Amino acid sequence: MQLFVTTGMALLFWFFSVGYLQHDKQENVGFFGKKQLTVLTVYILLAIGMGWLYNLYSFSIMLTAQYTGMVYLMLLIAYIDKRDWRIPNDLLVVLGVFSVCCMMIMVCFKELKPQELLWNCIFGALIGGGTFLVGYLLSRGSLGLGDVKLMLVLGFILGNHRILVCMFLSLVLSAAAGIVGIIRRKKNMKDAVAFAPFVTAALFIILILGI
């Protein structure tokens, strides 16, 4: 059943991603070009992997849908951040609203306790958004407000425990990439990097390990 859900989400968010990028770039290239079909293939392969993994971890249907949708939305956000050095506010709204809807359904089916969920979400948002707000104020441009808003939304979704792990892994991965760039003389210590791809990679690690 998890595989059916992840595959359906892959198709849904493929249509959403391609449509969004076409609107964002103001280009009408259609849905079935070579690049778009390559992305669809990657999405389907990811869906198969996530379906197997979520079945292994005995995730519920709604939790499977929430995490799968979050992964595909984060891939889109990471791509745009890498391409344009920006994190669109509307995608953050979609990510937040989609996740909240999934969590509300899980509350209705008594998969989650509302009071415990609320405090976990609030503390997660404060930790994620607050930590990166401080980083934004101290970094003098290395972090952007988009990164702050992204971690605020992810903190609300992931909760206080997972957002701490996500932040740690993101910083480790970005630091490692920076060191490699310096060694290869493609970057220096003052260069900024698109942070959303590292957050997405950290999210993958969290989901794979079932943290």
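Counting begins at 1 with the first residue of the sequence. Worth saying up front: this structure is predicted, and the values here are computed from it rather than measured.
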Inset, instruction - May I ask you to decide if Phe195's main-chain N or O and Asp81's side chain share a donor-acceptor pair within less than 3.5 Å? - result: yes
Inset, instruction - For the pair Phe156 and Met103, evaluate side chain to side chain contact (heavy atoms under 4.5 Å, CB included) and give the outcome as yes or no after the intermediate values. - result: CA-CA 11 Å; Phe156 187 86; Met103 288 189 285; 4.1 Å; yes
Legend entry - Heavy-atom closest pair, residues Leu173 and Ala201: CD1-CB, 3.7 Å
Legend entry - Side-chain heavy-atom pair His161, Val165 within 4.5 angstrom cut-off: yes
Inset, instruction - Indicate yes or no: at least one non-hydrogen side-chain atom of Leu145 is less than 4.5 angstrom from one of Phe132. - result: no
Legend entry - Residue pair Tyr20 / Ile80: nearest heavy atoms and the distance that separates them: CE2-CD1, 3.6 Å
Legend entry - Tyr79 side chain reached by Ser17 side chain, heavy atoms, under 4.5 Å: no
Inset, instruction - Please test Leu158 against Leu203 for side chain to side chain contact (heavy atoms under 4.5 Å, CB included), starting from the C-alpha separation and ending with a verdict. - result: CA-CA 10 Å; Leu158 296 175; Leu203 185 62; 4.1 Å; yes
Legend entry - Atom pair CG (Leu95) and CD1 (Ile157), whose distance is rounded to the nearest 0.5 Å: 4.0 Å
Inset, instruction - Work out which heavy atom in Leu75 is nearest to a heavy atom in Thr200; give both atom names and the distance. - result: CD2-CG2, 3.9 Å
Inset, instruction - Using atom types as modelled and distance alone, determine if a side-chain donor or acceptor of Tyr54 lies under 3.5 Å from a backbone N or O of Ile61. - result: no
Legend entry - Least distance between heavy atoms, Met167 atom then Gly128 atom: SD-CA, 4.0 Å
Inset, instruction - State the CG-CD1 distance between Asn160 and Ile127, to the nearest 0.5 angstrom. - result: 5.0 Å
Inset, instruction - Search all heavy atoms of Gln2 against all heavy atoms of Gly51 and return the closest pair with its distance. - result: CB-O, 3.7 Å
Legend entry - Main-chain N/O of Ala202 paired to Ser170 side chain as donor or acceptor, under 3.5 Å: no
Legend entry - Distance (rounded to the nearest 0.5 Å) between Leu40 CG and Lys35 NZ: 15.0 Å
Inset, instruction - Without swapping roles, check the side chain of Trp14 against the backbone of Tyr72 for a donor-acceptor pair under 3.5 Å. - result: no
Inset, instruction - Would you mind reporting whether Met106 and Gln66 have side-chain heavy atoms less than 4.5 Å apart? - result: yes
Legend entry - Partner of Phe98 under ring-ring contact (aromatic ring centres under 6.0 Å, His included), chosen from Phe13, Tyr67, Phe16: Phe13
Inset, instruction - Looking only at non-hydrogen atoms, find the nearest pair between Leu3 and Ile48 and report the distance. - result: CD1-CA, 3.6 Å
Inset, instruction - Measure the spacing between CD1 of Ile44 and OG1 of Thr6 and express it to the nearest 0.5 Å. - result: 8.5 Å
Inset, instruction - For Met151 and Tyr136, run side chain to side chain contact (heavy atoms under 4.5 Å, CB included): C-alpha distance rounded to whole Å, both residues' side-chain angles, the deciding distance at 0.1 Å, then the answer. - result: CA-CA 12 Å; Met151 298 311 293; Tyr136 167 75; over 6 Å; no
Inset, instruction - Drop me the distance from Leu207's CG to Thr68's OG1, to the nearest 0.5 angstrom. - result: 8.5 Å
Inset, instruction - Please determine which of Ile206, Val199, Leu164, Leu209 meets the side-chain contact (heavy atoms from CB on, under 4.5 Å) test together with Leu169. - result: Ile206
Inset, instruction - Give a yes or no on whether Val71 and Leu45 share a hydrophobic cluster (residues Ile, Leu, Val, Met, Phe, Trp, Tyr; joining criterion: side-chain heavy atoms under 4.5 Å apart). - result: no
Inset, instruction - Treating Ile, Leu, Val, Met, Phe, Trp and Tyr as nodes and any side-chain heavy-atom pair under 4.5 angstrom as an edge, say whether Leu37 and Tyr43 lie in one connected cluster. - result: yes
Inset, instruction - With side chain to side chain contact (heavy atoms under 4.5 Å, CB included) as the test, would you mind laying out the steps for Thr64 and Asn55 before giving the verdict? - result: CA-CA 9 Å; Thr64 297; Asn55 182 66; over 6 Å; no
Inset, instruction - To the nearest 0.5 Å, tell me how far Asp147 CG sits from Ile87 CD1. - result: 4.5 Å
